[in-house]
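Read through the structure below, which is laid out as structure tokens, and then see the notes.
Values in this document were obtained by computation on a predicted structure and should not be read as measured data. Atoms considered below: every heavy atom in the structure, side chains included; atoms not considered: hydrogens, waters and symmetry mates. In each ligand, atom 1 is the first atom listed, and ligand 1 is the first ligand listed.
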Amino acid sequence: MSKLIDGKAFADRLCATLAEEVVTLKKDNQLSPCIAVVLVGEDPASATYVGAKVKRCEQLGIDSRSHHLDVTTSEEELLSLIEQLNNDPEVHGILVQLPVPKQINGDAVINAINPDKDVDGFHISNAGALAVGQNNMVPCTPLGSLMLLQDELGDLSGMNAVVVGRSNIVGKPMAALLLQQSCTVTIAHSRTKDLPAVCREADILVAAVGIPHFIQADWVKPGATVIDVGINRIKDEATGKNRLVGDVDYSAAAEVAGAITPVPGGVGPMTIACLMYNTVAAAKNQAGIA
Ligand code: NAD
């Protein structure tokens, strides 16, 4: 049985450190880190994610300003709010919960955010900065996954890393971060030939696919470190209730892997902790504090 990588415990430790830093920033620098969280519409999953983020802010002493807009909000109205938040010196981070309703172009909205306030790290200039190794705001889920990997393995240099999934918010930035750590990186996706064989080469296997229990135990190299980014809701046969599972067949893969993140309690809590990390970093950056 492999070692469980406890993302919740790591996230709690990171948040405790950030809470101390927020106290110091308020006391010594009169700086109160603040994030504006924008939710458009009534999507229940989005509302849950926003609620979890705001709650973490409260725990850390980070100010949060919630903007809940009607589902019929136009792109122009949302862009006008973004401009207002860009120009507000008291707001250091801006997060627009995705997806936005279909009348709004999500890319246009993300790219309207001041890149220095883009705490999700999705702005095209932050993606470019990451690609060339001049990291500014780094997307939270890959950043949190990297922190877990470094905590588990130390120096990642020379390791074979396989990232399954090539989305702009997880797969591609994850691959860029692993490349910066001098891993030999393969990005696999829906057109990859013989995916099981590709995965079996991985010392580090990151699953970001969105298909429950997709990665099988016999795709995992014995002793490999497995990071399961997937969050999928499935109906539990026994209870009839919905439960969360990852993209990896956890119980079988845990017999083969050296270490593995569970779902829930693995990458998910790290995503929110890294949002807090980025918000504090953005506030310091905008105040000129090293
Ligand atoms: P996405 O749908 O944008 O991308 C999925 C990727 O998987 C695509 O690049 C696609 O090529 C690849 N893929 C699809 N089918 C495949 C197949 N049969 N074989 C190989 N590759 C295949 O999803 P995303 O936004 O990157 O999210 C991926 C998963 O991570 C989802 O379950 C999502 O809920 C979860 N997620 C979790 C967090 C977190 O905080 N833990 C954050 C973001 C996303």
Heavy-atom proximity to atom 37 (C) of ligand 1, picking from V229, I211, I272, points to V229
Should you measure from each heavy atom of N232, which atoms of ligand 1 turn up under 4.0 Å away? 32 (O)
What protein heavy atom sits nearest atom 3 (O) of ligand 1, and how far away is it? S167 CB, 3.3 Å
Closest to atom 12 (C) of ligand 1 among protein heavy atoms sits G165 CA, 4.0 Å
Just to confirm my output: which protein heavy-atom neighbour is closest to atom 17 (C) of ligand 1, and how far is it? F214 CZ, 3.5 Å
Does K55 NZ have over 12 foreign heavy atoms under 6.0 Å away? no
Are A188 and ligand 1 in contact, using a heavy-atom cut-off of under 4.0 Å? no
Is atom CD of Q30 surrounded by more than 12 heavy atoms (other residues, nucleotides or ligands) closer than 6.0 Å? yes
Tell me whether E90 at atom CD has more than 12 heavy atoms from other residues, nucleotides or ligands lying less than 6.0 Å away. no
Nearest 0.5 angstrom please: Q97 CD to S66 OG, how far? 11.0 Å
Short list, please: which atoms of ligand 1 are under 4.0 Å from a heavy atom of G268? 40 (O), 41 (N)
Basic-acidic side-chain contact under 4.0 Å: R65, D88: yes
Without swapping roles, check the side chain of D228 against the backbone of V248 for a donor-acceptor pair under 3.5 Å. yes
Taking only heavy atoms of I169 into account, list the atoms of ligand 1 that are under 4.0 Å away from them. 25 (O)
Under 6.0 Å from the CD atom of Q59, do we count more than 12 heavy atoms belonging to anything else shown? yes
Show which atoms of ligand 1 fall inside a sub-4.0 Å distance from at least one heavy-atom site of G210. 28 (C), 29 (C), 31 (C), 32 (O)
Within ligand 1, which atoms have a heavy atom of T271 less than 4.0 Å away? 39 (C), 40 (O)
Can you tell me the protein heavy atom closest to atom 42 (C) of ligand 1 and the distance? T141 OG1, 3.2 Å
Going by the 4.0 angstrom heavy-atom rule, the piece of V170 near ligand 1 is side chain
With heavy atoms under 4.0 Å as the rule, classify the contact between V209 and ligand 1 as side chain, backbone, both or neither. both
Report, in ascending order of atom number, the atoms of ligand 1 lying under 4.0 Å from any heavy atom of V267. 41 (N)
Could you tell me if any non-hydrogen atom of G171 lies under 4.0 Å from any atom of ligand 1? no
Residue and atom name of the nearest protein heavy atom (relative to atom 33 (C) of ligand 1), distance in Å to one decimal: I231 N, 4.1 Å
Which residue holds the protein heavy atom closest to atom 8 (C) of ligand 1, what is that atom called, and what is the gap in Å? R166 N, 3.9 Å
Below a 4.0 angstrom heavy-atom separation, can you tell me which part of T192, side chain or backbone, both or neither, approaches ligand 1? neither
Begin with the C-alpha distance, continue with both residues' side-chain angles, and end with the deciding distance and a verdict on side chain to side chain donor-acceptor pair (under 3.5 Å) for E77 and S74. CA-CA 5 Å; E77 286 168 317; S74 68; 3.2 Å; yes
Quick one: are L98 and I110 in side-chain contact, heavy atoms under 4.5 Å? yes
Between CG of N87 and CD1 of I82, what distance do you get to the nearest 0.5 Å? 11.5 Å
Verdict with supporting geometry, D116 and N136, side chain to side chain donor-acceptor pair (under 3.5 Å): CA-CA 7 Å; D116 289 336; N136 182 30; 3.2 Å; yes
Which atoms from ligand 1 have a heavy atom of H189 less than 4.0 Å away? 11 (O), 19 (N), 20 (C), 21 (N), 22 (C)
Would you mind listing which atoms of ligand 1 come within a distance below 4.0 Å of any non-hydrogen atom of L195? 19 (N), 20 (C)
Would you tell me whether N232 and D247 have side-chain atoms, one donor and one acceptor, within less than 3.5 Å of each other? yes
